[in-house]
There are 2 protein chains.
Amino acid sequence: MARPQRLPREELRQAILDAAQDILRDEGVDALTARAIAKRVGYTAASIYNVFESMSDLLIEVNRRTLTDLRLIFVDLPESAPPDVRLKELLRRYIAFMQRNPALWAALFGGTRKRESFPDWYTASVRFLLGQLRDMLREVTGETDDARAWAQAEQLYLAVHGAISLDLGRRLDLVTPQPLNHVTEAILDMMLARFRT
Amino acid sequence: MARPQRLPREELRQAILDAAQDILRDEGVDALTARAIAKRVGYTAASIYNVFESMSDLLIEVNRRTLTDLRLIFVDLPESAPPDVRLKELLRRYIAFMQRNPALWAALFGGTRKRESFPDWYTASVRFLLGQLRDMLREVTGETDDARAWAQAEQLYLAVHGAISLDLGRRLDLVTPQPLNHVTEAILDMMLARFRT
DNA sequence: AAATTTTGTTGAACAGTGTTCAATAATGGT
DNA sequence: ACCATTATTGAACACTGTTCAACAAAATTT
């Protein structure tokens with residue numbers, strides 16, 4: 001059987017990540033197997049390991065793309081609207097992003113990291129997104145203290161994360177009969193009211 | 001090879017659940033396999049399926065025990081202390097409970113439910129615990145409106161859940177450099193201050 | 001007490017997973 | 001034309017949840 005070299009290394013790498021994203025979008029995180037990815041790119045499962053250390057490594061690279069894509073929810077927010085309305089719109093976009101693609105969320109936050117910590121760019125990327133949130137929050141609260149501004153952004157995110165995390169795991173209704181949108185908006189309103197003082 | 005009947009059905013059932021909890025505590029959620037459980041109880045993997053529909057069903061029964069055990073964090077709270085201190089102690093206990101046994105948390109909240117919803121007793125059990133939290137919160141806030149009291153308890157729990165969920169997934173440091181205790185206490189303080197008005 | 005039914009237990013198998021590795025084909029350099 | 005490097009693969013390994021025919025023990029009926 002012929003085994004021709006088909007793609008330069010970097011192109012194959014990107015093709016694999018494309019396929020992985022497609023599978024996550026179309027079939028969910030459970031369907032993301034080495035053999036399934038390989039099939040989509042016209043290779044064999046073993047080939048994945050020429051390009052990636054492990055499936056866990058591959059997932060991290062998928063997350064890199066997700067984190068990059070997430071930056072888009074900050075662009076083209078309605079300029080004229082008051083800052084709290086823009087915050088609400090941002091929240092709406094974040095939820096929509098994750099609900100449109102729950103498997104990306106599962107890849108980002110699911111699973112249990114063993115020992116290894118995340119690469120530096122990973123932490124930096126998350127921190128960047130959180131910084132954007134902090135800035136928007138600041139426009140509402142007028143908070144001048146840097147540490148407090150960070151803490152407020154972190155607290156807001158943690159609460160929203162808790163709600164979405166339960167929702168995507170189909171467990172939100174264990175905690176509340178309210179739908180996700182309602183819950184997160186209530187959290188936002190509550191925190192804004194608190195932080196403004 | 002001899003295949004004697006060893007245990008009455010119900011005893012075997014409990015022995016299996018005991019073994020499952022032991023494995024979760026000692027070796028983590030990844031080590032919880034049908035064969036590992038069977039080995040501990042001196043049976044074969046196939047026997048598990050005489051007693052439980054599936055591993056997923058077995059997990060739900062483990063969670064039943066966890067939810068029952070969780071009720072213990074409410075007992076013997078310092079009676080004399082002011083209600084906000086008791087709330088803080090409760091929070092401390094909840095975190096300790098989950099940190100002492102992260103695999104129980106993973107079983108409770110990890111994984112992705114396919115279609116099936118939870119049994120009724122499952123929802124009721126969670127709701128009961130949340131009701132306890134609502135009552136304690138009420139002692140601090142004096143909130144008279146039932147709906148608002150529920151909403152406050154839900155919001156508090158969601159935020160705490162978000163933080164613990166990230167922490168046990170070794171991802172909290174992506175969001176904040178603060179340790180878990182510090183973050184959750186800050187959230188509690190912030191919400192108490194808000195709800196009290 | 002003997003025969004029969006019901007129940008409990010198991011070994012072996014199936015299809016699937018991530019991962020490794022020797023063997024082979026294609027490519028690039030001399 | 002030869003060689004060295006690189007890319008690709010099939011086959012295997014150890015593992016997973018799950019099923020099922022075969023058999024042993026217990027319970028029931030005769």
Side-chain angles (χ1 to χ4, degrees), chain A residues 1-20 23-24 26-63 103 106-107 110-116, chain B residues 1-20 23-24 26-63 103 106-107 110-116:
Chain A
M1 177 165 286
R3 297 173 234 179
Q5 179 177 347
R6 306 258 309 283
L7 293 170
R9 190 178 176 81
E10 187 54 29
E11 275 182 47
L12 175 56
R13 190 185 158 85
Q14 296 306 320
I16 289 175
L17 290 174
D18 287 344
I23 292 172
L24 281 175
D26 300 343
E27 307 170 49
V29 71
D30 289 340
L32 188 69
T33 71
R35 287 172 179 82
I37 296 172
K39 192 169 193 174
R40 284 222 188 196
V41 292
Y43 277 72
T44 329
S47 290
I48 306 281
Y49 293 86
N50 297 334
V51 181
F52 294 95
E53 278 288 320
S54 64
M55 284 298 282
S56 162
D57 257 49
L58 192 153
L59 258 200
I60 284 193
E61 291 301 317
V62 171
N63 289 346
T112 318
R113 280 274 142 302
K114 314 277 171 187
R115 302 242 142 260
E116 348 103 28
Chain B
M1 176 167 289
R3 294 173 237 180
Q5 178 177 346
R6 305 256 312 282
L7 293 171
R9 191 179 174 82
E10 186 55 29
E11 275 182 48
L12 175 55
R13 191 185 157 85
Q14 295 307 321
I16 289 174
L17 291 174
D18 288 343
I23 293 172
L24 281 176
D26 301 342
E27 307 170 50
V29 72
D30 289 340
L32 188 69
T33 71
R35 287 171 179 82
I37 296 172
K39 192 169 194 175
R40 284 220 185 197
V41 292
Y43 277 68
T44 328
S47 291
I48 306 281
Y49 293 87
N50 297 334
V51 182
F52 294 96
E53 278 287 320
S54 64
M55 284 299 282
S56 163
D57 257 49
L58 192 154
L59 258 201
I60 285 192
E61 291 301 317
V62 171
N63 290 346
T112 317
R113 281 274 143 303
K114 312 278 167 186
R115 303 243 142 261
E116 349 102 29

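Residue numbering restarts at 1 for every chain, and letters A, B, ... go by the order of the sequence lines.
Of the residues in residues 50-60 of chain B, B:Ser54, B:Met55 come within less than 4.0 Å of DNA chain D through at least one heavy atom, sorted by number. Within residues 11-19 of chain B, the residues approached by DNA chain C to less than 4.0 Å at the level of any non-hydrogen atom are B:Leu12, in residue-number order.
Residue whose closest nucleotide on DNA chain C sits further toward the 5' end, between A:Ala34 and A:Ala46: A:Ala34.
Taking 4.0 angstrom as the limit, B:Ser47 places a side-chain polar atom (N or O) nearer than this to OP1 or OP2 of C:dT10.
A:Ala38 and A:Ile48 make their closest contact through N-CD1, 4.1 Å (heavy atoms, listed as atom of the first residue, atom of the second, distance). Looking at every heavy atom in both residues, B:Ala36 comes nearest to B:Ala31 through CB-O, 3.7 Å. The nearest pair of heavy atoms linking A:Tyr43 to A:Leu7 is OH-N, 3.3 Å. Heavy atoms only, all atoms of each residue included: A:Ala20 and A:Leu58 are closest at CB-CD2, 3.9 Å. The two atoms that bring B:Met55 and B:Ile37 nearest to each other are CE-CD1, 4.1 Å, heavy atoms only. Considering every non-hydrogen atom in both B:Ala107 and B:Leu59, the closest pair reads CB-CD2, 3.9 Å.
Rounded to an integer number of Å, the gap from CD of B:Glu27 to P of D:dT16 is 11 Å. Atom P of nucleotide C:dG18 and atom CG of A:Asp30 are separated by 11 Å, given to the nearest angstrom. The separation between A:Ile48 atom CD1 and D:dT9 atom P is 10 Å, rounded to whole Å.
A:Glu10 meets the side-chain hydrogen bond (donor to acceptor under 3.5 Å, both in side chains) test with A:Gln14; sequence neighbours excluded. In terms of the side-chain hydrogen bond (donor to acceptor under 3.5 Å, both in side chains) criterion, residue partners of A:Arg40 (sequence neighbours excluded) are, by chain and number, A:Glu27.
Taking CD1 of A:Ile23 as the reference point, atom CG of A:Leu32 lies at 5.5 Å (rounded to 0.5 Å). The CG atom of A:Leu12 sits 9.5 Å away from atom CG of A:Leu17, with the distance rounded to the nearest 0.5 Å.
Of the candidate nucleotides D:dA7, D:dT18, D:dT9, D:dT18 has the atom lying nearest to any side-chain atom of B:Ala45. Counting only heavy atoms from C-beta on, B:Tyr49 has its side chain closest to D:dT18 among C:dG8, C:dT19, D:dT18. In this structure, of C:dG11, D:dG17, D:dT9, it is D:dT9 that holds the atom nearest to the side chain of A:Tyr43.
Within the 4.0 angstrom heavy-atom criterion, only backbone atoms of the sugar-phosphate kind lie near A:Leu32; the bases stay farther away.
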Provide a list of protein-nucleic acid N or O atom pairs under 3.5 angstrom, restricted to nucleotides 13-16 of chain C.
{"residue": "C:dA13", "atom": "N6", "partner": "B:Arg35", "partner atom": "NH2", "Å": "3.4"}

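Identified under the side-chain hydrogen bond (donor to acceptor under 3.5 Å, both in side chains) test for residues 44-57 of chain B, with sequence neighbours left out: none.
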